[in-house]
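Working notes, structure below.
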There are 2 protein chains.
Amino acid sequence: MSNSPATIEDVARIAEVSIATVSRAIHLPEKVAVSTRLKVAHAIALTGYTPNANARSLRLGKSNMILVVAPDIGDPNFSSILVGLENEARAHGYGVLIGHTQNDAQRGVEYLKFFSSNQAAGMILFTGILPFGHQTMTARLPPTVGVFEPVFNGGIPYVGVDDLEGARKAVELLIAEGHRRIAFIGDARNRLAYVRRRMGCEAGLDAAGIPEASRIVLDGDGTIESGRLAVDQLFLRDTLPTAFMCVNDQTAIGVMLGLTARGYDIPRDFSVTGFDDVPQAAFMQPGLTTIRQPRGLIGKHAMQLLLQLLSDTEPAQTEILLRPDVVVRNSVGPPRRL
Amino acid sequence: MSNSPATIEDVARIAEVSIATVSRAIHLPEKVAVSTRLKVAHAIALTGYTPNANARSLRLGKSNMILVVAPDIGDPNFSSILVGLENEARAHGYGVLIGHTQNDAQRGVEYLKFFSSNQAAGMILFTGILPFGHQTMTARLPPTVGVFEPVFNGGIPYVGVDDLEGARKAVELLIAEGHRRIAFIGDARNRLAYVRRRMGCEAGLDAAGIPEASRIVLDGDGTIESGRLAVDQLFLRDTLPTAFMCVNDQTAIGVMLGLTARGYDIPRDFSVTGFDDVPQAAFMQPGLTTIRQPRGLIGKHAMQLLLQLLSDTEPAQTEILLRPDVVVRNSVGPPRRL
DNA sequence: GGCGTAAATGTAAACCTTTACATGAGAAAT
DNA sequence: ATTTCTCATGTAAAGGTTTACATTTACGCC
């Protein structure tokens with residue numbers, strides 16, 4: 001009825017109990033008699049009371065916000081993981097705060113203030129690198145979980161996809177179609193995820209008994225442009241691959257654009273595979289055959305792990321690798337007979 | 001030095017002043033003598049003090065968080081606006097909290113708790129509709145700014161693009177190429193942005209003296225699939241358009257896929273335009289000619305407007321329309337001679 | 001009836017700020 | 001020399017919660 005929001009005191013007055021009892025009725029219901037519990041519930045309904053989160057956080061010394069830090073919010077991989085994170089957080093009464101660093105360590109440091117000012121309880125990190133200057137590295141970090149790729153510097157639990165297995169599936173698909181000369185277009189940036197994908201590729205080639213001599217490895221930087229570039233570079237060589245296995249979808253898209261621009265048909269002349277299954281992959285012409293990251297699930301598991309960390313429960317495991325699935329579209333076919 | 005974070009009291013002790021003076025030195029520096037200001041600054045540097053945001057918000061009854069509510073985080077239009085929002089917010093000491101409703105009013109109501117619990121000071125709305133049940137509609141809303149499209153029900157300030165002008169530019173482009181039979185593929189969902197785009201299209205056709213009889217209007221729901229469907233429907237008719245003007249890029253992409261699937265070449269056989277300039281538009285084959293929404297700028301302006309609202313400054317204007325630019329790629333050409 | 005025990009509830013302190021009001025000192029005005 | 005004013009600073013309350021500790025109540029048992 002009053003115009004300012006109801007406080008615990010209003011509830012206590014109406015329920016004719018002390019504020020302590022109200023607080024207990026909410027947070028430790030088993031500690032309060034059923035009859036009073038009912039009175040309190042009624043008073044809460046009557047007043048529309050919602051606990052003041054600031055007062056609560058102040059008293060508890062813990063907030064109910066999770067900071068999600070990504071190098072770039074616009075990354076096509078970002079949004080669906082974020083959905084998974086947010087759903088899980090909300091289900092547990094947490095809110096999601098977002099920050100993006102544009103790969104700028106200075107920016108990363110700015111986000112630390114959310115912790116020093118007690119506004120966030122934990123952090124989800126998209127970068128494979130702690131986005132903080134080295135001076136702050138020594139200060140203890142808030143509870144943190146890495147997502148999508150392991151965090152380079154600092155024993156942080158991590159949820160991602162099994163890159164090794166995924167890459168292996170991709171290369172096996174190509175081999176099954178009959179390809180023997182497969183180029184791996186990698187990413188020179190030193191991210192563990194990319195290294196693992198390359199290892200998976202090589203493991204597959206090894207298993208198929210494909211000689212080292214006929215392998216081609218080229219490194220880009222994971223952008224569409226670098227995929228295009230890789231094609232240009234390969235065409236300077238005397239022997240071409242029949243298939244391109246790309247470290248991610250962006251690269252694969254670049255490769256496809258490069259090949260199409262040169263007048264080649266995919267998959268008749270060359271086969272191409274990607275990794276990630278970004279939304280765009282489905283709408284390429286032809287559709288890009290790729291390895292799906294179960295993004296929603298990754299987000300969900302990462303948030304679960306973080307919440308475990310926050311509740312001081314020893315987490316069951318500190319590295320969760322999800323199973324990647326092959327998404328077959330039309331960018332892979334048998335190699336062209338020469 | 002101590003392991004728990006420094007409080008204002010620690011700073012006061014070191015600076016040999018009272019906590020009130022420290023607070024003033026921070027927030028009202030002109031009220032404190034230069035010499036003490038220096039002592040305080042030194043003590044802050046020494047302790048690494050950051051004000052506890054919860055205590056501050058509690059005392060002030062105002063938080064420094066802005067809730068951003070979108071129907072779908074995955075929307076390709078979302079992320080770059082978010083970047084603009086976040087940059088501007090951070091520059092003013094605000095954090096950005098995110099929520100997504102999946103067009104579910106129930107979800108929207110859940111996010112209201114951030115206001116009743118004093119965790120957010122204002123809101124940015126992506127939906128054209130207040131995502132709350134009607135019961136809460138009567139309760140006063142927190143300060144809110146709409147983004148991207150006007151908010152349907154409730155005199156809320158809004159920042160977007162001039163849809164009318166953008167649509168007009170698109171249709172003029174087609175007319176300049178020589179098209180006379182132009183199909184407008186719209187969106188039946190009752191969003192003002194879409195209605196305006198259609199009006200802009202018709203204004204352009206009127207101005208060019210193109211008779212009503214030769215106009216074709218079809219309504220989808222703004223998805224890729226609905227673009228495909230529109231093509232199918234049009235091919236049942238006796239007279240086909242030479243150009244498709246689509247209400248958004250998703251629809252245009254669907255139209256392109258539909259036409260390509262039927263063996264037609266774009267832009268030789270048909271021209272297509274979109275609206276939005278989503279990232280995917282650039283990577284279609286051919287590239288989609290479209291109208292760009294200056295998304296970063298929209299976010300920036302929207303946040304500025306909201307911050308004005310929060311600081312009780314009467315905002316300069318309550319509707320900001322940005323100028324849309326034509327992005328010419330390769331999906332438009334002269335009509336085919338019959 | 002007296003005592004011990006357990007369960008339910010209440011009291012009050014603490015979390016960290018901001019700010020109205022009080023205090024004190026020094027300068028200007030009388 | 002006294003009063004008045006201004007400026008810098010300090011004191012203490014308030015904001016809404018949670019929770020350790022104290023208190024009350026009820027009950028069972030000897």
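In what follows, chains carry the letters A, B, and so on, assigned in the order in which the sequence lines appear, proteins first and then strands, with residues in each chain numbered from 1. Computed from a prediction, not measured in an experiment: that's the story for all the values here.
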Quiz prompt | A:S57 side chain to A:K62 backbone, donor-acceptor under 3.5 Å | solution = yes
Under 3.5 Å between N/O atoms: give me all the protein pairs with nucleotides 19-26 of chain D, atom names plus distance.
none

Quiz item: Between A:H100 and B:N87, is any side-chain donor less than 3.5 angstrom from a side-chain acceptor?
Solution: yes
Quiz prompt | Closest non-hydrogen atom pair between A:R295 and A:S80, with its separation | solution = NE-OG, 2.8 Å
Quiz prompt | Contact summary for A:I8 and A:I19, nearest pair of heavy atoms | solution = CD1-O, 3.6 Å
Quiz item: According to a strict under-4.0 Å criterion, is B:T36 in side-chain N/O contact with OP1 or OP2 of D:dA8?
Solution: no
Quiz item: Start at the 5' end of DNA chain D and walk down; is the nucleotide closest to A:T7 or to B:V32 reached first?
Solution: B:V32
Quiz item: Taking for each residue the nucleotide of DNA chain D bearing the nearest heavy atom, is the 5' side occupied by A:I8 or by B:A33?
Solution: B:A33
Value in whole Å for how far the [atom2] atom of [N] lies from [atom1] of [X]:
{"X": "B:R13", "N": "C:dC16", "atom1": "CZ", "atom2": "P", "answer": "12 Å"}
{"X": "A:L58", "N": "C:dA13", "atom1": "CG", "atom2": "C1'", "answer": "13 Å"}
{"X": "B:N54", "N": "D:dT18", "atom1": "CG", "atom2": "C1'", "answer": "14 Å"}
{"X": "A:R37", "N": "C:dA7", "atom1": "CZ", "atom2": "P", "answer": "14 Å"}
{"X": "B:K62", "N": "C:dT17", "atom1": "NZ", "atom2": "C1'", "answer": "17 Å"}
{"X": "A:E9", "N": "C:dG10", "atom1": "CD", "atom2": "P", "answer": "13 Å"}
{"X": "A:D10", "N": "D:dG16", "atom1": "CG", "atom2": "C1'", "answer": "11 Å"}
{"X": "B:N52", "N": "D:dT17", "atom1": "CG", "atom2": "P", "answer": "16 Å"}

Exercise. Please work out if A:S35 contacts a base, only the sugar-phosphate, or nothing of the nucleic acid, heavy-atom cut-off 4.0 Å.
Key: nothing
Quiz prompt | Shortest side-chain distance from A:A55, nucleotide among C:dT18, D:dT17, C:dG10 | solution = D:dT17
Quiz item: Does any non-hydrogen side-chain atom of A:P5 lie less than 4.5 Å from one of A:T50?
Solution: no
